[in-house]
Number of protein chains: 2
Amino acid sequence: MQNDRTGENLLFLTDEQLRQGIEAMFFAYRGFTADPDRILEKYKYGRAHHRAMHFINRVPGTNVNNLLNILGVTKQSLNRVLRTLIADNLVILKVGSKDRRERHLYLTDIGKSLEKQLSTAQSHRMREAYRQVGPDSVAGFKQVLEAMMDPKLQITYKKLRNS
Amino acid sequence: MQNDRTGENLLFLTDEQLRQGIEAMFFAYRGFTADPDRILEKYKYGRAHHRAMHFINRVPGTNVNNLLNILGVTKQSLNRVLRTLIADNLVILKVGSKDRRERHLYLTDIGKSLEKQLSTAQSHRMREAYRQVGPDSVAGFKQVLEAMMDPKLQITYKKLRNS
DNA sequence: GTTTTAAGTCAGTCTTGTTGACATTCCAAT
DNA sequence: ATTGGAATGTCAACAAGACTGACTTAAAAC
């Protein structure tokens with residue numbers, strides 16, 4: 001039942017297997033977002049705020065364009081979210097020193113603390129899942145996800161990974 | 001670097017590994033929905049319609065309550081979607097013969113054909129990913145996803161799997 | 001000096017989710 | 001036979017978060 005490429009055991013490519021993967025993605029994504037969602041609700045924020053904060057934390061000083069590419073939304077949509085985060089003093093803008101058209105984004109201490117709360121909650125579930133299944137399954141999990149990404153996002157993902 | 005539970009090699013549980021998993025889920029889900037979304041746009045439907053059709057196809061004759069539990073939305077939200085699908089003759093209701101309060105849901109031939117289009121597109125990407133990484137990674141992928149689900153959804157998922 | 005780029009803003013629309021209130025139907029238990 | 005509660009459907013109002021399109025400002029690039 002191993003990777004017998006010679007005999008070409010392709011049972012893992014049946015419609016049934018594919019359907020299971022599709023449904024697993026659907027149900028798992030609900031679990032994936034459930035814990036942060038509960039926290040966000042208390043602060044009257046949404047998933048969009050979480051995503052923005054996550055990547056501003058990951059790439060401190062990113063400019064708006066870069067963040068737009070990572071998030072895959074329009075600037076109008078991101079702007080609405082950023083405005084509230086800035087108004088609430090979770091994010092600050094700094095005008096670029098080299099190119100003064102650019103605005104660089106940073107989390108404030110308050111922003112960092114909320115981001116930490118959210119990522120802790122989300123990581124907790126992920127850690128528990130990892131622990132249950134062991135390292136080999138985790139490696140497989142990541143490989144399939146990476147292979148499912150659009151090529152452009154795959155590059156973005158890899159860049160983030162090595163930074 | 002294998003599953004050495006004795007030496008407890010827990011490198012796969014680092015914050016970095018968890019963060020990678022989180023970002024992989026985020027980016028992969030975009031890919032996961034991208035192809036069906038493009039098709040749906042042509043028919044002026046949304047993801048909600050796709051999800052409803054998917055599970056009506058999976059569990060023909062399901063009643064509304066069961067579908068609500070699977071989808072995890074309110075009846076008002078589902079009802080709006082069902083109304084358009086019924087109006088467009090993609091879905092039909094049949095009054096329950098045993099309990100006539102219940103409405104059983106079925107795809108019409110037109111509904112089946114659109115569902116087929118959508119699932120083919122989605123499966124195509126999944127199949128390509130599976131093929132790239134091989135059966136062992138696919139098994140790991142599913143195990144992690146299953147472990148990430150809320151317990152109630154995990155049961156729903158397993159029931160669907162064995163039906 | 002003109003063009004392009006980065007960012008922000010205003011206005012309007014759409015999908016998809018939410019609450020709350022209420023009506024209908026009908027099974028099941030008293 | 002009546003009644004309580006469950007399953008379903010519907011109306012109205014609202015909100016988040018996505019979209020398009022048009023436009024401004026500022027600064028860099030050519």
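Scope of the values below: all heavy atoms of this structure, side chains included, with no hydrogens, waters or symmetry mates. Below, read A as the first sequence line, B as the second, and so on, with proteins coming before strands; counting in each chain starts at 1.
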Verify the contact: side-chain N or O of B:N65 to OP1 or OP2 of D:dT8, cut-off strictly under 4.0 Å; return yes or no. yes
Taking only side-chain N and O atoms of B:R101, does any of them lie within less than 4.0 angstrom of OP1 or OP2 on C:dA28? no
Under 4.0 Å, counting only non-hydrogen atoms across every strand here, what does [X] touch: a base, just sugar-phosphate, or nothing?
X: B:H49; result: sugar-phosphate
X: A:R80; result: base
X: A:L93; result: sugar-phosphate

Given [options], identify the nucleotide with an atom nearest to the side chain of [X].
X: A:S77; options: D:dC19, C:dA6, C:dC10; value: D:dC19
X: A:R83; options: D:dT8, D:dG17, C:dT9; value: C:dT9
X: A:V73; options: C:dG17, D:dA18, D:dT20; value: D:dA18
X: B:K75; options: D:dA7, D:dC11, D:dG9; value: D:dG9

Please confirm whether any donor atom in the side chain of B:Q76 sits under 3.5 Å from an acceptor in the base of C:dG20, or the reverse. yes
On DNA chain D, does the nearest nucleotide to A:K98 precede the nearest nucleotide to A:Y45 from the 5' side, or the other way round? Give the residue. A:Y45
Interatomic distance, B:R47 CZ vs D:dC19 C1' [rounded to whole Å]: 13 Å
Are B:F12 and A:F141 an aromatic pair by the rule of ring centers under 6.0 Å? no
So, is the end of the B:R30 side chain (NZ or CZ) under 6.0 Å from the ring centre of B:F26 and within 45° of the ring's axis? yes
Rounded to the nearest 0.5 angstrom, the CG-CG distance for B:L105 and B:N66 is 9.5 Å
Return the NZ to CD distance between A:K158 and B:Q20, rounded to the nearest 0.5 Å. 12.0 Å
